[in-house]
Amino acid sequence: MTQLVLFHHAQGLTPGITAFADRLRADGHDVHTPDLFDGRTFDSIEAGMAYVGELGFGEVMERGTRAADAVGDNLVFAGFSLGVVPAQMLAQTRPGALGAVLCYSCVPVSEFGGAWPVDVPVQIHGMDADPYFVDEGDIDAARAIVASAPSAELFLYPGDQHYFADNSLPSYDADATELLLRRVIDFLGRIRG
C-alpha cells in the first residue's frame with residue numbers, strides 16, 4: 001500500500017477528483033484528497049484561478065504542506081493542474097518523498113530547487129494539444145525533468161482537454177483516463193514493491 005496525497009485542480013475538490021482517488025483506493029492505496037479551497041468549487045478554470053488570486057499561490061502551497069504534515073512521512077505526491085504546484089514542491093523538497101504524479105501541469109524545477117531529486121521517481125501526464133500544458137511552457141518543464149532525472153516519465157495523450165481525467169467535467173476523456181490510471185497504478189506498484 002502506498003500513501004498518496006492527491007491535490008485537486010483550480011475548480012476545487014470535484015466529484016471527479018474523488019472518483020479518481022477512489023479508483024486508486026480500490027487498488028489498495030491510501031489516498032488523501034485535501035480540500036485546499038475549504039469546500040468551494042468553481043464552474044470554470046478562470047473562476048477557480050480568480051479565487052487562487054485572492055488566496056495567493058503561497059497560501060495554496062502552505063495549505064498543501066499542512067495537509068501533507070497531517071498525513072505523515074514516506075508519501076507520494078500527486079496533483080492535477082493547480083494541484084501540481086504543492087505536489088511538485090513537496091516532492092522536490094520534502095525529505096522522504098517517495099514519488100510524484102503530475103497531471104496537466106509541470107513547473108520548472110528551479111522554482112523549488114536546483115534539480116529534481118534523483119531518488120524521487122516522477123510521472124508527468126498531459127494532452128499533446130492542451131493549450132495550458134503545451135502553450136504555457138509546462139511541456140517544456142516536463143521534458144527538462146525527463147532529460148535530467150533518471151526515474152522520470154512523460155506521457156502525452158492525444159487531445160486538447162486540460163482536465164481530461166475528471167469525470168464530473170465536460171472535458172473528461174474516458175479512454176485517456178483509463179490509460180492514465182493504468183500507468184499511475186503501475187507506477188505506485190513499483191514504489192510499494
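Side chains included, hydrogens not; waters and symmetry mates left out as well; all remaining heavy atoms used.
Arg25 places a side-chain N or O within donor-acceptor distance of the main-chain N or O of Val31, the cut-off being under 3.5 Å. Of the possible polar contacts, one joining the Asp128 side chain to the Gly159 backbone as a donor-acceptor pair under 3.5 Å is found. Remark: the backbone N or O of Pro121 is not paired with any side-chain donor or acceptor of Ser151 at under 3.5 angstrom.
Hydrophobic clustering (ILVMFWY, side-chain heavy atoms < 4.5 Å, transitive): Ile191 and Leu154 are in distinct clusters. By the rule that hydrophobic residues join a cluster once side-chain heavy atoms approach within less than 4.5 Å of another member, Phe155 and Val122 end up as members of separate clusters. Leu13 and Val84 end up in different hydrophobic clusters when Ile, Leu, Val, Met, Phe, Trp and Tyr side chains are linked at under 4.5 Å.
Within the model, atoms OH of Tyr51 and OG1 of Thr41 stand 11.0 Å from one another, a figure rounded to the nearest 0.5 Å. A distance of 6.0 Å separates CG of Leu181 from CG of Leu24, quoted to the nearest 0.5 Å. Considering CG of Leu180 and CD1 of Ile185, their distance stands at 9.5 Å, rounded to 0.5 Å. Note that CG of Leu179 is 5.0 Å distant from OH of Tyr157, once rounded to the nearest 0.5 Å. Rounding to the nearest 0.5 Å gives a distance of 12.5 Å between CG of Asp22 and CG of Asp27. Note that CD1 of Ile145 and CD1 of Ile124 are 4.5 Å apart. Values are rounded to the nearest 0.5 Å.
A search for salt bridge (charged side-chain N to carboxylate O under 4.0 Å, His left out) contacts involving Asp119 returns nothing, not counting sequence neighbours. Asp135 meets the salt bridge (charged side-chain N to carboxylate O under 4.0 Å, His left out) test with no other residue; sequence neighbours excluded. Take Ser148 and apply the side chain to side chain donor-acceptor pair (under 3.5 Å) test, not counting sequence neighbours, and it matches no residue.
When ring centroids are compared, His125 and Phe164 stay outside the 6.0 Å threshold.
Asp166 is not listed as a side-chain neighbour of Tyr172, based on a closest heavy-atom distance of 4.5 Å or more. Side-chain contact check for Ile139 versus Leu156: some heavy-atom pair is nearer than 4.5 Å. The shortest side-chain heavy-atom distance between Ile45 and Met49 falls under the 4.5 Å cut-off.
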Return all side-chain donor-acceptor pairs below 3.5 angstrom for residues 96-117, not counting sequence neighbours, or 'none' if the list is empty.
residue: Tyr104; atom: OH; partner: Ala165; partner atom: N; Å: 2.9
residue: Trp116; atom: NE1; partner: Val120; partner atom: O; Å: 2.6

Which pairs would a plain distance check flag for residues 55-67, meaning a side-chain donor or acceptor within less than 3.5 Å of a matching protein atom at least two apart in sequence or in another chain?
residue: Glu59; atom: OE2; partner: Arg63; partner atom: NE; Å: 2.8
residue: Glu59; atom: OE2; partner: Arg66; partner atom: NH2; Å: 3.4
residue: Arg63; atom: NH1; partner: Leu36; partner atom: O; Å: 2.6
residue: Arg63; atom: NH1; partner: Asp38; partner atom: OD2; Å: 3.4
residue: Thr65; atom: OG1; partner: Met61; partner atom: O; Å: 3.0

Mind listing the side-chain donor-acceptor pairs of residues 72-82 below 3.5 Å, one per line with the distance, residues two or more places apart or on another chain?
residue: Ser81; atom: OG; partner: His162; partner atom: NE2; Å: 2.7

Verify ring pair (Phe, Tyr, Trp, His ring centres under 6.0 Å) between Phe42 and Phe37, making sure each step is shown before the conclusion. CA-CA 10 Å; Phe42 299 91; Phe37 290 175; 5.8 Å; yes
Passes side-chain contact (heavy atoms from CB on, under 4.5 Å), His8 versus Thr14? Steps please. CA-CA 8 Å; His8 62 75; Thr14 61; over 6 Å; no
Passes side-chain contact (heavy atoms from CB on, under 4.5 Å), Asp30 versus Leu4? Steps please. CA-CA 6 Å; Asp30 187 5; Leu4 177 77; over 6 Å; no
Verdict with supporting geometry, Val5 and Phe7, side-chain contact (heavy atoms from CB on, under 4.5 Å): CA-CA 7 Å; Val5 180; Phe7 296 108; 3.5 Å; yes
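Among all heavy-atom pairs drawn from Arg23 and Glu178, the shortest one is NH1-OE2, 2.8 Å. Of all the heavy atoms in His32 and Val71, the pair that sits closest is NE2-CG1, 3.5 Å. Nearest heavy-atom pair across Thr33 and Ala21 is CG2-CB, 3.6 Å. For the residue pair Asp130 and Tyr132, the shortest heavy atom distance occurs at OD1-N, 2.9 Å. Here the closest non-hydrogen pair linking Ala142 and Phe133 is CB-CZ, 4.4 Å. Of all the heavy atoms in His9 and Ile17, the pair that sits closest is CD2-CD1, 3.6 Å.
Side-chain N/O atoms of His29 and Gln3 include no donor and acceptor closer than 3.5 Å.
Here Arg94 pairs with Asp69 in a salt bridge; the nearest charged N to carboxylate O distance falls below 4.0 Å. Looking at Glu153 and Arg190, a side-chain N of the basic residue comes within less than 4.0 Å of a carboxylate O on the acidic one, giving a salt bridge.
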